[in-house]
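Some notes on the structure that comes next.
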Amino acid sequence: MVFSSISFLYYFLPTVLGLYFIVPKKYKNLVLLIFSLFFYFYGEPIYGVLMIVSITSGYLHGLWIDKLRESRYAKVPMISSVVVGIGLLVYFKYFDFIIDNLNSFFSVNISSLNLVLPIGISFYTFQILSYTIDVYQGEAKVQKNILNLATYVALFPQLIAGPIVRYTTVEAELKERTHSLEKVAHGIWRFVIGLSKKILLANTFGELVKIFTNTSNKTVLFYWMSAFAFTFQIYFDFSGYSDMAIGLGKIFGFNFLENFNYPYISKSITEFWRRWHISLGTWFRDYVYIPMGGNRVSTLKWIRNIIVVWFLTGFWHGAEWNFIIWGLYFAMFLVLEKYFLKNILIRLPHVLGHIYVIFFIIISFVIFNANGMGEVKDNLMGMFGLLDVRLINPETIYYLKSYGIVFVIGIIASTPLAVNIIDKMITKEIFKILIDILQPIILVVLLLVITGYLIDGSFNPFLYFRF
Amino acid sequence: MMKNKIKNTIIIATFVVFIYGIVLLKILVPDTEISYSERRHLLQHPSFSSERLLSGEYFKDYERYALDQFPFRDEFRSIKAYTRFNIFSQKDNNSIYIIDGNINKMEYPLNEKAIINAANKLNEVYQKYLQGMNVSYAIIPDKNYFLASKHGYLSMDYERLVKLMKDNVNNMNYIDIFGLLELKDYYTTDIHWRQESAVDVARLLIEKMGTRIDTPDVQYTQNSLYPFYGSYYGQAALKLSPDTLIYMTNEVIDNASVYDHIDKSYSKVYVEDRFGTIDSYDIFLSGAKSILTITNPSSSSDKELIVFRDSFGSSIAPLLLNEYAKITLVDLRYINTDLLGNYINFSENQDVLFLYNTIILNNSYMLK
């Protein structure tokens, strides 16, 4: 099930909300678990079993690690949990990629498994690993109640597209959490804002990308428009989903950490990655980069660490070479910025720093969005006028005019401009009252428009489902 | 603190009332079978089986059903259309655009392969049934021809379309009717031309097919039906003025009978009780039919006409009736070319006309 669907908004959500707030406190986790399993089962009936197996594995490994905590073999169950978790991930997500590459490198003919990727497997695998590793490291207490652990992993607000909620973040809240009018109201607002970002902006930009993909009359300007549009689509899609997850979490009393912090206002790629998909970045930092020595090693080893982390970050996004190249592309920038560009970027006017980041981020998403390296090459060549296409044509002009305002809204909405203005305004009592009056009205208007878009539109993909 | 509590309570109450209000409406409003505005049957509750449940098919169908049966579906579609046009300033909504109340749907780009396929289909019919006969073809421009490029919308390259047809259609005379038509000859809420505006076209076709050198004016009585909500009206999902549908009658048309070769049934040329149904344009020859023959008992000649046509042909056929004893209408979207010999006796005494609008030609793979 996806958040941006009629069945979620008007069937699932009212039911789960009603039951959750009616049942006594001790049954709240059970209600969340049952509905979370149904939420997953709705979209992935068969692979629901795989998720339950993964949860059970995480639970048993947690107990095992706790049992051997004082012994010299304590590492064994932790490694076992990693092997099982990563093993399942490799089998379901990467096996065919490995086979295809073996076939082409060694001219052999091993049959592919042609497995369908279980939705959200990359997210829940990383969450389970964060639990077992944290238990091993003594960062988290073992969870003896499997229902609580299952609720943590399967919790529908963050189940299939993140953010990657660490066990330690919600450990206490699984046992004891508070519900308040303020949290629920804030959660509702955040959820509706996220839903609006997804449906009104991400899907509209996605339409333009699709139109570009399908047209045979591409131009240099259209290549750029499509690249810009995808850059906005992926941001509003993914950050919108994170907003919805955080908002729903708040309604149910959980405090998930932020996953995005206006990444497109960054002035360096290093800063961009502190603002983009924060939960993934910190996961790799804490469970891969720091265990490898982080930056407290020689320059060569640091570069090795960066390459490994960013190879894995790229590969996590998908079993294709373009994702690996995408990850390594960022590794290159991080190394370059640390040793060469940092001092230059500091001295540059801010606007040039922004242009530098936006330019290379757009290029990165061209790599990211392509179906294979051939398409990466074609799209980049198209953008830089190296294909036999015109600079502009009537079709490009039409879509530029038709999506012009959407781009302007996208630019404004990807910066903290509106939030800053509101923050400034509410320091004056009169504006605060005005905003308080307007907020419920805006909420209703957004819900009406979102529902209209859902009913009339068929184009509604969630990009991060494939991870 | 107190103010915040009130504000938060209002936000929660607003959200709860909204989503539970929709739930309540969903329970209270019964499912409907047909959407007249969208001119289609709406999905009903999907059938349940454990196999369909485990394969995910049940929930996929349920999702589509929930969309179709959503309370106030048309009103929500209107909100979306309004937002898209007026807030986001987008030029079209699902390819629909509106210029001064005239609703149109972009057809772009020209599909050259489809045009050549259409030409080949005409040639195939000729080779199978029409050799040695007097065969003509004409192309009806869609509304985009008059509206699109003038207002910055995308449209087909019509010159190229006509050239491709001329270059690829063999053994037939091309009758150019583009010059006889203008935007006001079409309904504002529908794809089709107005019958009363097709009189000149009918006269030209008769002349060019060689039935008469100088066709006398035929007198008609105009009959009006209101309100006519055309096929684009529902797609636009906005409150716009409906059209008035006018159909032309005279003694010849009133006396004619229409035989449906598939249903083996007779009817009149105009079926007024189709007005106000899913497609009001069906009053012309009962709408989508694969093979019809209109018989004109008042005819002084035994000349026959066979028209290969789309829905535009339904409204112009009665205007050709004065000159023919019989007009047989064939819609190749609904019957395979190979089967035509089972229903029609082709002979050299017959004129043949292929009359298709540009949208059908650009999507010609639907011609069987």
Side-chain angles (χ1 to χ4, degrees), chain A residues 1-2 5-7 9-11 13-15 17-18 41-46 180-186 188-189 191-192 200 204 215-217 394-395 397-399 401-406 409 432-433 435-437 439-441 443-445 447-458, chain B residues 3-20 22-23 25-26 53-56 58-60 62-84 87-94 97 106 108-109 149 152-155 237:
Chain A
M1 193 178 287
V2 294
S5 67
I6 291 297
S7 51
L9 268 180
Y10 297 113
Y11 296 121
L13 190 59
T15 314
L17 281 176
F41 181 76
Y42 189 92
E44 283 280 21
I46 298 296
S180 66
L181 283 178
E182 192 181 356
K183 271 172 96 174
V184 175
H186 182 76
I188 287 170
W189 181 253
F191 173 74
V192 174
L200 305 183
T204 307
T215 186
S216 53
N217 293 318
E395 185 176 344
I397 293 169
Y398 175 78
Y399 287 112
K401 283 181 181 171
S402 192
Y403 286 82
I405 295 292
V406 184
I409 294 170
K432 191 181 179 313
I433 294 167
I435 287 167
D436 286 352
I437 293 168
Q439 205 173 356
I441 297 168
L443 188 82
V444 170
V445 170
L447 282 170
L448 286 169
V449 174
I450 285 163
T451 308
Y453 267 70
L454 279 178
I455 285 170
D456 195 53
S458 56
Chain B
K3 274 182 191 166
N4 275 345
K5 200 174 172 184
I6 294 168
K7 185 191 91 173
N8 291 333
T9 308
I10 291 171
I11 287 177
I12 295 167
T14 308
F15 185 74
V16 166
V17 167
F18 191 94
I19 62 166
Y20 284 97
I22 297 276
V23 172
L25 280 173
K26 175 67 196 142
L53 181 74
L54 290 175
S55 69
Y58 176 76
F59 286 134
K60 273 184 197 159
Y62 194 87
E63 195 68 47
R64 291 168 55 226
Y65 156 77
L67 285 172
D68 264 17
Q69 297 293 351
F70 200 82
F72 299 107
R73 179 182 162 80
D74 288 343
E75 285 72 14
F76 277 109
R77 287 179 57 240
S78 296
I79 291 171
K80 189 245 183 168
Y82 182 87
T83 307
R84 206 173 151 99
I87 308 295
F88 288 118
S89 293
Q90 294 205 257
K91 288 177 76 69
D92 68 272
N93 179 32
N94 301 326
Y97 63 95
M106 276 196 297
Y108 174 86
S149 57
Y153 288 88
L154 299 171
S155 65

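Residue numbers begin at 1 in each chain, while the letters A, B, ... track the order of the sequences. What you see is a predicted model; the values in this text were computed from it and never measured.
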Under 4.5 Å from any heavy atom of chain B - which part of [X]:
X: A/I409; answer: side chain
X: A/L448; answer: both
X: A/Y11; answer: side chain
X: A/I450; answer: neither

Legend entry - A/Y10 ring center near B/F70 ring center (under 6.0 Å):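 They qualify: ring centres under 6.0 Å apart.
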
Legend entry - Contacting moiety of B/K60, where chain A heavy atoms sit under 4.5 Å: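 For B/K60, neither part sits under 4.5 Å from chain A.
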
Legend entry - Part of B/R64 lying under 4.5 Å from any heavy atom of chain A: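 No part of it gets close to chain A.
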
Pairwise side-chain contact, [X] with [Y], heavy-atom cut-off 4.5 Å (strictly under):
X: B/F15; Y: A/L447; value: yes
X: B/N93; Y: A/D456; value: yes
X: B/I12; Y: A/I188; value: yes

Inset, instruction - Answer yes or no: is there a donor N or O on one side and an acceptor on the other, between the side chain of A/S7 and the main chain of B/E63, under 3.5 Å? - result: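 No: the side chain of A/S7 does not pair with the backbone of B/E63.
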
Legend entry - Smallest separation among heavy atoms of B/N8 and A/E182, with atom names: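 Closest approach of B/N8 to A/E182: ND2-CA, 3.4 Å.
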
Inset, instruction - Show your working on side-chain contact (heavy atoms from CB on, under 4.5 Å) between A/T204 and B/Q90 and close with a plain yes or no. - result: CA-CA 10 Å; A/T204 307; B/Q90 294 205 257; 3.4 Å; yes

